[in-house]
Amino acid sequence: MRSILSNSSNLPPEKENKVLVYLMLCWFVINALQAHFLGLEGDEAYYWHLSQNIDWSYFDHPPMVALLIRIGESFGHGSFFTRLGTVLITTLSVGIIYKALPERLSNMKWYILVAGATLLLNVYSFITTPDAPLLFFAALFLLTYKRFLAKNSIGNSLLMALCITGMFYSKYHGILLVGFVVLSNLKMLTNRYFWLTVLITTLLFLPHLFWQYQHDWPSFRYHLNERLARHYRINYTTDYLLGQILVFGPFISLLFYATCYKLKIREQLIKTHLFIFAGTLIFFFISSFKNTVEAHWTLIAVPSFITLFMALLTDATDRYIKLFQKFAIANIAIILLARILFLVPHSPFTLIRHYYPFFYGKEWAATLHRAIGDTPVVFENSYVLPSLYKYYFEEVTAIDYNTKGYRKTNYNLEDDCLLSGQKVWHYQMTHERDSALAYIDTKYNPGKLYPINQFTCVNALKIAPLRVPTSMKPGAVYPVALICTNKSNHPVTIYNPLSIDYAFFIAKSDFINAEETYPLPKKMIQASETLSIPIQLKAPEQPGTYKLLFSIKNESFAGNFASAFFTVKIE
């Protein structure tokens with residue numbers, strides 16, 4: 001049977017635009033209310049922390065999300081203002097994705113159902129993470145690409161370059177979208193206007209690259225070498241596959257996956273969207289065999305998912321349309337119910353540990369502040385807690401101290417010497433009480449408070465071995481000279497004993513510690529001063545390939561990330 005979705009069923013352009021504006025207005029209001037009434041999530045607080053110092057980059061991500069937050073907070077402080085930039089650009093994304101559709105797919109009724117039923121599009125319409133600006137610039141890029149296909153011009157090349165630059169300044173995943181677009185249309189490699197886009201994008205991205213160069217390429221080193229994988233487990237892959245059913249909408253995605261083989265590729269734009277959607281899912285599927293993959297990382301495929309689904313609906317039978325409509329309405333009902341439950345006191349969502357920051361983060365911060373007042377606090381292995389604490393109490397001083405059992409964050413690049421010599425509290429997350437220590441008894445991340453009378457800063461102290469053997473014998477000992485340098489422009493006073501140790505990593509959080517540590521020989525290290533410290537490096541007993549890390553151990557804390565990682569083979 002011929003589809004009930006024909007071009008003749010489309011609205012006149014004027015009425016279509018009016019309905020689209022109403023949809024965007026409704027989208028903005030719903031997400032603005034959600035943004036205002038729901039407490040901040042931990043990662044959002046961390047991005048807020050980054051926004052307090054706008055720069056060309058940060059350790060984890062490019063700066064676009066921090067800039068969005070700063071713009072919103074120029075009007076005030078609170079969850080609504082923190083998320084305002086996100087709500088605005090994702091509202092625009094809803095309109096841009098529709099305008100980027102091939103003309104033959106324009107059908108407002110079905111677009112509202114597909115967009116409203118897509119879970120990822122709903123969640124990242126108010127939650128403030130780098131994914132929101134990435135989605136916005138990805139949608140804008142696909143719209144400009146559509147126009148570029150219709151007309152090659154300097155103007156369209158410039159617009160594409162601005163969109164690609166926006167993606168790159170949002171999240172590095174943007175490179176995937178560009179790569180899949182080129183793979184779907186290899187003729188672009190011989191198009192001078194495309195290379196003009198590449199040139200302009202490169203020039204616009206140079207400030208970010210220069211920041212990376214100034215800071216010794218921390219983001220690239222982390223993603224390419226220092227992001228240690230865990231031991232593989234089959235659930236990494238199965239969780240990813242299940243996640244791709246849920247994040248695109250549990251009902252409509254099953255319908256899409258079951259019928260996508262019926263897609264008819266009639267134009268280059270649809271071919272490109274197919275490459276983007278399939279390529280993104282396959283890329284992260286392969287990645288799941290190495291490490292955990294967050295389900296929402298496929299967000300860049302959302303515009304393509306919507307476009308391809310609209311293409312299926314255009315060629316569908318009445319029976320298929322009716323089935324889709326039922327599934328889409330069910331999806332939307334579930335999403336709206338979930339949104340309401342997030343705002344209802346004592347709803348089932350308040351029992352889910354992953355959502356604790358939304359409901360209990362502010363209470364936890366208030367409890368801690370009542371206990372310690374304005375005394376600085378050093379959190380161990382959590383970029384979320386110091387960020388949440390400062391978000392709710394802006395006048396306090398709080399930092400994150402990352403040990404080698406955790407991971408690096410932007411706190412590793414920040415100057416912790418603002419606390420040098422001060423009395424601080426060391427906050428350690430635990431459910432175990434100690435009668436001799438103060439205990440923060442809250443539902444969200446309870447912990448002990450250890451007093452440190454004089455804090456010694458360590459972030460500025462970096463270790464570089466003169467030479468590390470790339471191949472070692474099991475259990476053998478090798479003399480290695482380490483150079484410890486104060487990279488800051490001020491002296492580091494050592495109030496607590498500092499020592500150097502090392503560890504051979506097998507996988508993330510799985511490492512063999514040094515049997516011996518080596519004390520730093522001075523009580524003060526001047527700015528740019530270097531110390532040469534000889535050590536005896538003992539290889540692990542078991543053969544294999546390891547990542548070797550040198551650390552500085554700061555009395556109350558385990559060793560940190562003081563050096564780069566070095567690949568060593570024990571054979």
Side-chain angles (χ1 to χ4, degrees), residues 215-218 221-222 225-226 228 401-408 412-413 415-417 420-421 454-506 509-571:
H215 294 81
D216 196 24
W217 307 97
R221 291 165 69 98
Y222 173 67
N225 185 46
E226 298 177 355
L228 299 172
Y401 189 104
N402 297 320
T403 70
K404 59 194 171 190
Y406 187 53
R407 51 155 289 193
K408 287 183 180 180
N412 290 83
L413 303 182
D415 186 6
D416 59 346
C417 285
S420 180
Q454 289 183 297
F455 179 75
T456 297
C457 55
V458 297
N459 276 357
L461 301 179
K462 301 300 179 185
I463 298 172
L466 289 181
R467 180 179 175 276
V468 173
T470 56
S471 179
M472 305 172 71
K473 298 295 183 183
V477 176
Y478 298 80
V480 174
L482 302 181
I483 303 299
C484 181
T485 305
N486 178 6
K487 294 285 189 177
S488 70
N489 55 9
H490 49 70
V492 170
T493 302
I494 301 175
Y495 296 99
N496 314 118
L498 299 183
S499 58
I500 292 176
D501 70 357
Y502 58 86
F504 289 91
F505 279 78
I506 305 165
S509 302
D510 182 6
F511 52 85
I512 301 168
N513 254 328
E515 297 177 358
E516 185 178 359
T517 59
Y518 300 86
L520 289 185
K522 298 187 69 174
K523 292 296 183 182
M524 179 180 289
I525 305 175
Q526 299 297 329
S528 302
E529 182 180 359
T530 61
L531 304 176
S532 180
I533 302 169
I535 70 166
Q536 297 296 311
L537 184 66
K538 184 179 180 181
E541 299 290 344
Q542 295 298 320
T545 300
Y546 297 81
K547 293 279 190 179
L548 172 62
L549 173 75
F550 296 97
S551 302
I552 293 177
K553 191 175 183 302
N554 186 355
E555 192 176 43
S556 304
F557 303 90
N560 67 350
F561 298 91
S563 77
F565 283 86
F566 302 92
T567 302
V568 177
K569 288 187 177 181
I570 310 299
E571 51 190 3

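Just so it is clear, the values below take in all heavy atoms, side chains as well, and ignore hydrogens, waters and symmetry mates. Note that the structure is predicted; figures quoted are calculated from it, not measured.
- Taking 4.5 Å as the limit, every side-chain heavy atom of Asn560 sits out of range of all side-chain heavy atoms of Asn402.
- Every side-chain contact (heavy atoms from CB on, under 4.5 Å) that Asp510 has, sequence neighbours left out, goes to His231, Ile506, Ala507.
- Nearest heavy-atom pair across Asn554 and Tyr401 is CB-OH, 3.2 Å.
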Please tabulate, one pair per line, all N/O donor-acceptor pairs under 3.5 Å involving side-chain atoms of residues 564-571, not counting sequence neighbours.
unit_1	atom_1	unit_2	atom_2	d
Thr567	OG1	Lys547	NZ	3.2
Glu571	OE2	Ser471	OG	3.0

For residues 491-499, which side-chain donor-acceptor pairs fall under 3.5 Å, sequence neighbours excluded?
unit_1	atom_1	unit_2	atom_2	d
Asn496	OD1	Thr456	N	3.4
Asn496	OD1	Thr456	OG1	3.2
Asn496	ND2	Gln454	O	3.1
Asn496	ND2	Glu555	OE1	3.4

Run the side-chain contact (heavy atoms from CB on, under 4.5 Å) check on Asp415 and Asn459 step by step: do they pass? CA-CA 7 Å; Asp415 186 6; Asn459 276 357; over 6 Å; no
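- A search for side-chain hydrogen bond (donor to acceptor under 3.5 Å, both in side chains) contacts involving Asp416 returns nothing, not counting sequence neighbours.
- The two residues Ala527 and Ser488 come nearest to each other via the heavy atoms CB-O, 3.4 Å.
- In this view, Lys462 satisfies the salt bridge (charged side-chain N to carboxylate O under 4.0 Å, His left out) rule with no residue, not counting sequence neighbours.
- Residues passing the disulfide bond (SG atoms under 2.5 Å apart) test with Cys457 are Cys417, sequence neighbours excluded.
- With sequence neighbours excluded, the residues forming a side-chain contact (heavy atoms from CB on, under 4.5 Å) with Pro521 are Leu531, Ile533, listed by chain and number.
- Checked against side-chain contact (heavy atoms from CB on, under 4.5 Å), Ala558 has the following partners two or more places apart in sequence or in another chain: Thr403.
- Formation of a donor-acceptor pair under 3.5 Å by the Tyr518 side chain with backbone atoms of Gln536 is found in this model.
- Remark: of the listed residues Leu548, Leu482, Val477, Leu548 is the sole one forming a side chain to side chain contact (heavy atoms under 4.5 Å, CB included) with Leu537.
- Identified under the salt bridge (Lys or Arg N to Asp or Glu O under 4.0 Å) test for residues 487-501, with sequence neighbours left out: Lys404-Asp501.
- For the side-chain hydrogen bond (donor to acceptor under 3.5 Å, both in side chains) test, residues two or more places apart in sequence or in another chain that qualify with Arg407 are Asp60.
- For the pair Tyr502/Val480, no side-chain contact is recorded, criterion being any heavy-atom separation below 4.5 Å from C-beta on.
- The two residues Ser532 and Pro534 have their closest heavy-atom pair at O-CD, 3.8 Å.
- Residues Phe550 and Ile535 are in side-chain contact: their nearest non-hydrogen atoms beyond the backbone lie under 4.5 Å apart.
- Applying the salt bridge (Lys or Arg N to Asp or Glu O under 4.0 Å) test to pairs two or more places apart or on separate chains, those with a residue in residues 515-528 are Glu515-Lys538, Lys522-Glu529.
- Ile512 places none of its side-chain heavy atoms less than 4.5 Å from the side chain of Gln542.
- Applying the side-chain contact (heavy atoms from CB on, under 4.5 Å) rule to Lys473 yields the partners Ala476, Tyr478; only residues at least two apart in sequence or on another chain are considered.
- A donor-acceptor pair under 3.5 Å is absent between the side-chain atoms of Ser563 and the main chain of Ala464, judged by distance alone.
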